[in-house]
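Below: the structure, in structure tokens.
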Amino acid sequence: MENIFDAILFAVLVAAGGLGLSSWLMLFGIDKSAPAEVKQRSVFEYGFFGLAGIVVMLVMWYAIS
């Protein structure tokens, strides 16, 4: 029970990293036949959430160490 805080931080690290990487991978699955506005919004959303997930993962990694 003494390392429960580290376990919670690790769970957040794994979740944020997984969501960040999967968001970046979704960039390759954008529908090419969609209108330009929809593609631009999808690229922005997937890119932003991917970057935010990776940043949260790195912050949790720093908090654990």
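Keep in mind the model is a prediction, meaning the values are calculated, not measured. For the numbers below, each heavy atom of this structure counts, side chains included, while hydrogens, waters and symmetry mates do not. We count residues from 1, following the sequence as given.
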What is the distance from atom [atom1] of [X] to atom [atom2] of [Y], rounded to the nearest 0.5 Å?
| X | Y | atom1 | atom2 | answer |
| --- | --- | --- | --- | --- |
| Leu9 | Ile4 | CG | CD1 | 10.5 Å |
| Phe10 | Phe5 | CZ | CZ | 15.0 Å |
| Ile30 | Gln40 | CD1 | CD | 11.0 Å |

Which pair of heavy atoms, one from [X] and one from [Y], lies closest together, and at what distance?
| X | Y | result |
| --- | --- | --- |
| Lys39 | Lys32 | NZ-O, 3.5 Å |
| Leu19 | Ser22 | O-OG, 3.0 Å |
| Phe49 | Ser23 | CB-OG, 4.0 Å |

Hydrophobic cluster identity match, [X] and [Y], side-chain contacts under 4.5 Å:
| X | Y | answer |
| --- | --- | --- |
| Met60 | Trp24 | yes |
| Leu51 | Met57 | yes |
| Leu21 | Leu58 | yes |
| Leu13 | Ile54 | yes |
| Val12 | Val59 | yes |

